Structure formats: C-alpha cells, structure tokens
Participant: 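If you scroll down you'll find the structure; I have some questions about it.
What you see is a predicted model, and the numbers here were worked out from it, not measured in a lab.
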Amino acid sequence: MVTPQTQKPASPGTGGSPFPSELDLVALRDDLKRAVAQTCPRWMADRSDDIIQVALLRVVDIYRKREGNAEFSSFYLRKAAYSAVIDEIRRLRRRQEVPLEDETAETRYDPPADGPDPERVATSRQVGRAIQECLGQLVPPRRLAVTLNLQGHSVPEVGRLMDWSTKKAENLVYRGMADLRGCLDGKGVVR
Amino acid sequence: MNPMKRDDGELAKLRRGFAALSEETPASAACLAPEKIWEAVRGGLPSAEIREIVAHTAACPACAEDWRLAMAMQRPETAKILPAADRFSVGRRLRNWSLAAAAVLALAVVGVQWLRLSGPEAIYREGGQAAVHSLIADGQSLPREQFLLRWEAPALAGATWDVEVSTEDLRVLASGDDLREPQLQVPAGALAGLPAGTRILWKVEATLAEGGRVGSPTFVATVQ
C-alpha cells in the first residue's frame, strides 16, 4: 500500500510522486483517521486505513487536475476527503449486503473479535429503532431539534443550523426530548 | 428538574442508540450527496434546505452517520490550533519563507503578508480589510497565559477564520484554521522565551459562507 508520508514530494503533474509537496497529507490523514475512528461503526474499523487511503488519493487527483494552480484551504481539502470517505463507506456498505453464505464474496460482514459486548450492541440497536419510530411521531420542529441533539449538537448550534433563536431552539429541544422520553417509555424501552 | 440536564448518561445512551442503527442499515439510493451533508453541517445552505436534510437524517441512519462524520471533521479540534512548528505544511512554510524575503526587501515593513496564489477558491473582496476589526487595542499588552486575540466582522456573518500569529522577524508562533469563533488563544508555550514587550503581529482571513475570502490588516499586540 502506498503511504503518503513515505513518498518523496514532487510537483503536481510532473509524473513523479502522486503526492504534491504543497498538500499537507500527513495532517489531513491524521484528521481523517481521528474523524473516522470517532464516527464509523466497528465493522469498518479494520478497513479504515483503506478508506482513508482512497480518500487521500482522490484529493491528490483533484489537486493534480487543477495542475496545482488552485489554493486549497485545509477546509476545502477536508471537504474533498470527506466526500471520498463517504463514497468509500457507501461502497463498502453495498458490498456488505452480499449474503454471508456466499463464500466467493470478496467482502463479508466480519466484526472484529474484540468488539463491544454483543448484548450491549443489541440493546443499543433496539433503543435506536425505538428512537427512530418515536422521531417519526414528533411534530416536525421538535423532530428536527431532537435529531440534532441526538447527533451531538449543542442548543446554540441547533439554533444556528435551523435559523432559530437560542431560546426557541432550547424550547424545542427541551419539549422534543420530553416527547421522545414519553414515547420510549410507552414502548417499554429502558433508558 | 430540567430533563435536558437531568442525566447526561441517559442522553449518551440515547445518542449511542441512535448511532447504532447505522451499523445495520446500508446506504440507499435515496441517500444524500455527501457534499450536501457537509454544507448543511457547516451551515452553508439555506435553513429550509438544512431542515430537509436533517429531517432525512432522522429517518436514514446511513445519512445520519454521514452527518456525524462531517461534524467530527469540522470540529475545531480537527481544525487544529497548535504551535505552528508542529503543523505547518510544506506549502505554508514556503509561503512564509517568501514572506520573509519580501519583508527584508521592503526594509522591515511591518506586517505579516500572506502570499496567496490566485485560483478558483481564492476570491478576495475589494476593500475587505476594513470589514475586519481587532477587539484588541493596537499594541495592547496581553498576559502570556491569556493571550487571547479577538476580532469582529459584523458584515461577514457565517465566515470561518484562518489566523496567523508571528513575531516581527516573521517567526510564526501559532495559527488557527477554519475557526468558527472570531478569536484565537495563543498557547503560553508559544510565547515562552519572548522578552516582555515583544511585539506580536497577527492577521486573520475570512472564508465567506458564500465563497471568497477577506483578509484583515496586520494587527499588533504586545507580550506582557
């Protein structure tokens, strides 16, 4: 596997290394690794290096197509890398759908042996399914507020994203979470 | 009791449950383009469109996961604020060397200049410098442990910020990329060893929500 850090830098489009010296690929790779590790499910853990590698190659490709003339902010690079990571994850997910009994399949669902407690995983999924059903029952503004809260956004962030005042966002998160809890209780979900 | 605060552990469990669904749900043809999700997380789309996307993520675990990944990649800790020596790309270092040479030729003209190559991503607004104001008085003395640089730009709502902080001999002390808040705390360690009264130059550059960039003038603060 090609490792960006070990490549000798070369100017884009010169036919040398595919990694132009102007791109801080090591930092970008670190950012990607951190984000993917924080976010992606465990079945993807052993493939994260490949995902990141594909993303970095895509970024380099974009860079070279512009013949190095464009100034890339780190934010732009992260966006390009993000898109590549998502594409790769979706591709892997599609392949994950291959039936387990098909021995010729290139990729199968194969969770790592040292993954989290299966019982806890099953419980989380059960809670997740109940949450999804309950979200569908909330009035739309509360559904949006609760969804963002469950995704990890703070109340001010919810307000900023939804174009609500912080007060309104707080209100909707507060009431929406109360509705969610009531719905989960009604389903007998232990919280 | 406030149900939002009554149990952080409970909220964490709910979040785990919501996230766990993505493990068993493949992406579908209905999934959103990653660029859309990225821009929505960034707040770079009209709010009506962001609402549609959030509504979709409520019912689509795969896109919800994509949203979380975008969040993780756009967090300030990902857009690191570290002493510059630890993180500057080769390109930026080269840019700084160019700056140093230019500064010598200009016979110690005060200021950190950012040499940027023109390109489709770099669109500068005319007269943009006047839009960015330092909230630190010119030459103000700041304590090393609280060397907080702040600025404002009321006309540039939604912008993210790149900052570069250097000494007068253009040694870069710290920088921040893609900051959402108009402030940067310079680590005390970056200022260690500088004599009291050392003048610190700093300059910010906005990346506008609608595209394009606006740079500030060079500001000056002093180490206490």
Side-chain angles (χ1 to χ4, degrees), chain A residues 9 21-24 27 31-32 34-36 38-43 66 69-76 78-79 82-83 85-87 89-90 93-94 96-97 121 124-129 131-132 135-136 140 143-144 147-148 150-153 160-163 173-174 177-178 180-181 191, chain B residues 2-4 10-11 13-24 26-27 31 34-35 37-38 40-41 43 47 50-51 54-55 57-59 61-62 64-74 78-80 87-92 94 116-122 160 162 177-178 207:
Chain A
S21 61
E22 291 83 355
L23 293 179
D24 191 348
D31 284 352
L32 282 173
R34 195 178 308 114
V36 169
Q38 284 171 6
T39 312
C40 288
R42 65 197 177 99
W43 70 265
R66 295 197 181 189
N69 287 327
E71 171 79 1
F72 284 84
S73 70
S74 63
F75 198 80
Y76 177 86
R78 280 207 297 278
K79 180 181 176 181
Y82 166 81
S83 296
V85 166
I86 297 299
D87 287 347
I89 288 173
R90 289 179 179 178
R93 281 193 186 286
R94 282 193 293 273
Q96 189 191 332
E97 291 182 279
V121 171
S124 283
R125 287 181 182 172
Q126 186 189 8
V127 171
R129 281 189 286 273
I131 289 172
Q132 197 176 33
L135 281 175
R143 184 187 312 142
L144 297 174
T147 301
L148 289 172
L150 291 175
Q151 291 282 50
H153 286 285
R160 183 178 60 79
L161 284 167
M162 296 290 96
D163 202 17
V173 171
Y174 181 97
M177 289 302 290
L180 175 64
R181 289 185 178 100
R191 292 185 274 113
Chain B
N2 184 344
M4 283 165 60
E10 182 212 38
L11 180 59
K13 188 175 175 185
L14 293 176
R15 285 175 171 170
R16 262 201 312 276
F18 190 59
L21 278 183
S22 66
E23 296 194 25
E24 58 182 13
C31 277
E35 293 80 8
I37 295 174
W38 177 272
V41 171
S47 55
I50 297 176
R51 286 174 197 170
V54 174
T57 61
E65 182 183 81
D66 297 347
W67 181 285
R68 290 189 294 276
L69 183 62
M71 282 175 71
M73 289 186 67
Q74 292 183 33
T78 306
K80 298 170 287 263
R87 58 176 300 280
F88 265 24
S89 67
V90 173
R92 184 168 280 198
L94 287 173
R116 293 210 173 252
L117 303 172
S118 61
E121 297 297 316
T160 57
D162 293 346
D177 286 347
D178 308 311
T207 300

Participant: Non-hydrogen atoms of chain A under 4.5 Å away: do they reach the side chain of B/Ala40, the backbone, both or neither?
Facilitator: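 For B/Ala40, the contact with chain A is made by the backbone alone.
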Participant: What verdict does the side-chain contact (heavy atoms from CB on, under 4.5 Å) test give for A/Met177 and B/Leu11, after you've listed the backbone C-alpha separation in whole Å, the side-chain angles of each residue and the deciding distance to 0.1 Å?
Facilitator: CA-CA 9 Å; A/Met177 289 302 290; B/Leu11 180 59; 3.7 Å; yes
Participant: Within the structure provided, determine whether A/Val127 and B/Arg16 are in side-chain contact (heavy-atom separation under 4.5 Å).
Facilitator: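 Result no, sub-4.5 Å side-chain heavy-atom pair not found.
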Participant: Once rounded to the nearest 0.5 Å, what's the spacing between atom CD1 of B/Ile50 and atom CG of A/Leu144?
Facilitator: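 Here the rounded value is 11.0 Å.
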Participant: Determine the minimum heavy-atom distance between B/Gly43 and A/Arg160, stating which atoms define it.
Facilitator: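 Looking at all heavy atoms of both residues, the closest pair is CA-NH1, 4.1 Å.
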Participant: Side-chain contact, heavy-atom cut-off 4.5 Å: A/Lys79 with B/Gln74?
Facilitator: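 No - every pair of side-chain heavy atoms lies 4.5 Å or more apart.
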Participant: Using the side chain to side chain donor-acceptor pair (under 3.5 Å) criterion, which residues pair with B/Arg51? Sequence neighbours excluded.
Facilitator: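 So B/Arg51 forms no side chain to side chain donor-acceptor pair (under 3.5 Å) with any residue.
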Participant: Going by side chain to side chain contact (heavy atoms under 4.5 Å, CB included), B/Val54 matches just one of A/His153, A/Gln151, A/Met162. Which one?
Facilitator: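 Going through the options one by one, the only one that passes is A/Met162.
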Participant: Any side-chain heavy atom of A/Arg129 within less than 4.5 Å of one from B/Phe18?
Facilitator: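 A side-chain contact under 4.5 Å is absent here.
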Participant: So which atom in A/Arg90 and which in B/Pro34 form the shortest heavy-atom distance, rounded to 0.1 Å?
Facilitator: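 Looking at all heavy atoms of both residues, the closest pair is NH1-CD, 3.8 Å.
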Participant: Starting at CG of A/Leu150, measure out to CG of B/Leu14 and round the result to the nearest 0.5 Å.
Facilitator: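 Interatomic distance, A/Leu150 CG to B/Leu14 CG, rounded to 0.5 Å: 6.5 Å.
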Participant: Just so I know, are the side chains of A/Leu161 and B/Ser47 near enough to count as touching, which here means a heavy-atom distance under 4.5 Å?
Facilitator: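 With C-beta onward as the side chain, the pair stays apart.
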Participant: What's the shortest heavy-atom distance between B/Met71 and A/Gly152, and which atoms?
Facilitator: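 Minimum heavy-atom contact is CE-C, 3.8 Å.
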Participant: Please enumerate all residues that pass ring pair (Phe, Tyr, Trp, His ring centres under 6.0 Å) together with B/Trp38, with sequence neighbours excluded.
Facilitator: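 Residues passing ring pair (Phe, Tyr, Trp, His ring centres under 6.0 Å) with B/Trp38: A/Phe75, A/Tyr82.
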